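Take a look at the structure below.
Because the structure is a prediction, the values reported are computed rather than measured.
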Amino acid sequence: MEDMDFINIWKEQNHSVEKRLVIHETQMRSFIDERVKNSRSSLIKLKAKGIIGFIIYLLILVYILVYALSNYSSALNYFIFSVSSITLINLKGFTDYFKHIMWINSINYNGSLLEIQKHLTQLQISIIQHTRIMCLQFPFYTTFYLSNKWFPYEVGNGYLLLQFVITGSFVYLSYWLYKNLIPVNLSKKWFRVIIADSGGEAIMNALAFYKEIEDFQGNVDQKSS
């Protein structure tokens, strides 16, 4: 009889523990979902501000590009090529921001953890790729002011060397960033700083939140077994 009582008490205690764990898991999921929704809201605001910034900057670029083309002379070749390249890269960035907002709104945060993490990871990869592309415009900011009326024929060797060093440095910087801005470096501080302004930090935080739930569920499963 005592054995039966002990078994019944043990079952009751085990059921009570499991019940508390389920309640705790539900509360934790609700809490983290709320944090993720706040991150989503801030990310959408960031992207919306970015879209406005892109629109203003692209309008300026297009205006001066149209002006240069309508008053074309060979002296403007460096300027036209540089500004055209900057415009195309920023146009790509502008479309990326629109795409990111659509992705953010399409995620079902009430779905499975695996599905949410999958979508967030895809968004993170897209943000990284966006940042890589944006870095390619850097060298063109060192050439738009040149003119074949005076460059390179009417400048001294010192200026030629200076221009080569400046443009070459920015070319190397763009190449280095494009090569190293890959997911494998995601844990590095400099990487996180660079992608933060594009929304990378918010996505990393959201993924970290859901990793907490995943780890908690793993612990619950171990205790239940």
Side-chain angles (χ1 to χ4, degrees), residues 35-36 38-58 60-62 65 78 81-107 109 113-145 163-212 214:
R35 290 167 67 185
V36 170
N38 290 336
S39 294
R40 179 185 66 174
S41 178
S42 64
L43 182 56
I44 289 175
K45 289 178 182 177
L46 175 68
K47 293 293 180 181
K49 289 178 182 178
I51 286 173
I52 295 172
F54 271 120
I55 290 173
I56 295 171
Y57 191 44
L58 284 169
I60 294 171
L61 289 173
V62 170
L65 188 57
Y78 284 106
F81 178 75
S82 299
V83 174
S84 296
S85 300
I86 294 170
T87 302
L88 288 173
I89 292 170
N90 279 274
L91 186 60
K92 173 65 168 63
F94 174 69
T95 59
D96 283 343
Y97 268 42
F98 260 114
K99 181 173 68 176
H100 292 163
I101 285 182
M102 287 189 292
W103 279 11
I104 294 164
N105 287 323
S106 69
I107 297 175
Y109 291 92
L113 287 181
L114 187 62
E115 200 64 27
I116 295 171
Q117 288 172 318
K118 176 184 173 183
H119 288 300
L120 288 174
T121 301
Q122 288 174 338
L123 179 57
Q124 184 180 62
I125 291 171
S126 182
I127 287 174
I128 293 171
Q129 186 63 24
H130 159 83
T131 308
R132 296 177 78 205
I133 296 297
M134 294 303 294
C135 290
L136 296 179
Q137 68 183 303
F138 294 161
F140 299 107
Y141 288 100
T142 71
T143 57
F144 74 92
Y145 52 83
Q163 184 66 47
F164 176 79
V165 170
I166 292 173
T167 303
S169 298
F170 277 86
V171 168
Y172 179 76
L173 175 63
S174 293
Y175 167 76
W176 188 88
L177 288 171
Y178 187 83
K179 182 181 178 182
N180 289 281
L181 283 170
I182 52 178
V184 71
N185 291 325
L186 196 57
S187 61
K188 297 179 180 178
K189 187 176 180 180
W190 64 265
F191 187 105
R192 291 170 176 251
V193 170
I194 290 174
I195 67 170
D197 289 340
S198 297
E201 184 177 7
I203 298 300
M204 284 187 286
N205 289 339
L207 284 168
F209 296 156
Y210 282 108
K211 185 68 169 61
E212 289 180 35
E214 187 178 45

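- At least one side-chain heavy atom of Asn105 sits less than 4.5 Å from a side-chain heavy atom of Ile44.
- In terms of heavy-atom proximity, Thr143 sits nearest to Tyr78 at O-CB, 3.6 Å.
- Relative orientation of the Tyr97 and His130 rings is tilted, given thresholds of 30° and 60° on the angle between their planes.
- One finds the CG atom of Leu58 at 11.0 Å from the CG atom of Leu65 (value rounded to the nearest 0.5 Å).
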Note to self: Test side chain to side chain contact (heavy atoms under 4.5 Å, CB included) on Phe191 and Ile128; report intermediate values, then the result.
What the structure shows: CA-CA 9 Å; Phe191 187 105; Ile128 293 171; 3.8 Å; yes
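- The CD1 atom of Ile127 sits 9.5 Å away from the CG atom of Leu120 when rounded to the nearest 0.5 Å.
- Closest of all the heavy-atom pairs between Ile86 and Asn90 is O-ND2, 2.8 Å.
- Ring-plane geometry between Phe94 and Phe98 is classed as perpendicular, the angle between the planes exceeding 60 degrees on a 0 to 90 degree scale with a lower cut at 30.
- A distance of 5.0 Å separates CD in Gln129 from OH in Tyr178, rounded to the nearest 0.5 Å.
- A distance of 12.0 Å separates CD1 in Ile60 from CD1 in Ile55, rounded to the nearest 0.5 Å.
- Formation of a donor-acceptor pair under 3.5 Å by the Ser84 side chain with backbone atoms of Phe81 is not found in this model.
- Considering only heavy atoms from C-beta on, Lys188 comes within 4.5 Å of Asn185 through its side chain.
- In this structure the side chain of Trp190 reaches within 4.5 angstrom of the side chain of Asn180, judged on heavy atoms.
- With a 4.5 Å cut-off on side-chain heavy atoms, Ile101 and Leu43 do not count as touching.
- Crowding of Tyr175 atom OH: a count of heavy atoms from other residues, nucleotides or ligands under 6.0 Å not exceeding 12.
- Of all heavy-atom pairs between Ser126 and Lys99, the closest is OG-CE, 3.8 Å.
- A donor-acceptor pair is defined here as one N or O able to donate and one able to accept, closer than 3.5 Å; such a pair exists between the side chain of Ser106 and the backbone of Trp103.
- In this structure, the separation between CG on Leu177 and CD1 on Ile133 is 12.5 Å, given to the nearest 0.5 Å.
- A 4.5 Å side-chain heavy-atom check between Gln137 and Ser85 finds every atom pair outside the cut-off.
- Contact record, Pro139 with Leu136: CD-O, 3.4 Å, taken as the closest heavy-atom pair.
- Checking side-chain atoms of Thr87 against main-chain N and O of Val83 turns up a donor-acceptor pair under 3.5 Å.
- In this structure, a donor-acceptor pair under 3.5 Å is present between the side chains of Gln163 and Thr167.
- Remark: the backbone N or O of Cys135 is paired with a side-chain donor or acceptor of Ser174 at under 3.5 angstrom.
- Residues Leu186 and Ile195 form a side-chain contact, since some pair of their non-hydrogen atoms from C-beta on lies under 4.5 Å apart.
- Taking both residues in full, the closest heavy atoms of Met134 and Gly93 are given as SD-CA, 3.8 Å, listed atom of the first, atom of the second, then distance.
- Here the side chain of Arg132 pairs no donor or acceptor atom with the backbone of Ile182 at under 3.5 angstrom.
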Margin query: Checking Lys92 against Leu88 for the side chain to side chain contact (heavy atoms under 4.5 Å, CB included) test, could you report, in this order, the C-alpha distance in whole Å, the side-chain angles of both residues, the deciding distance, and whether it holds?
Written below: CA-CA 6 Å; Lys92 173 65 168 63; Leu88 288 173; over 6 Å; no
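- Aromatic ring centroids of Phe144 and Phe140 lie 6.0 Å or more apart.
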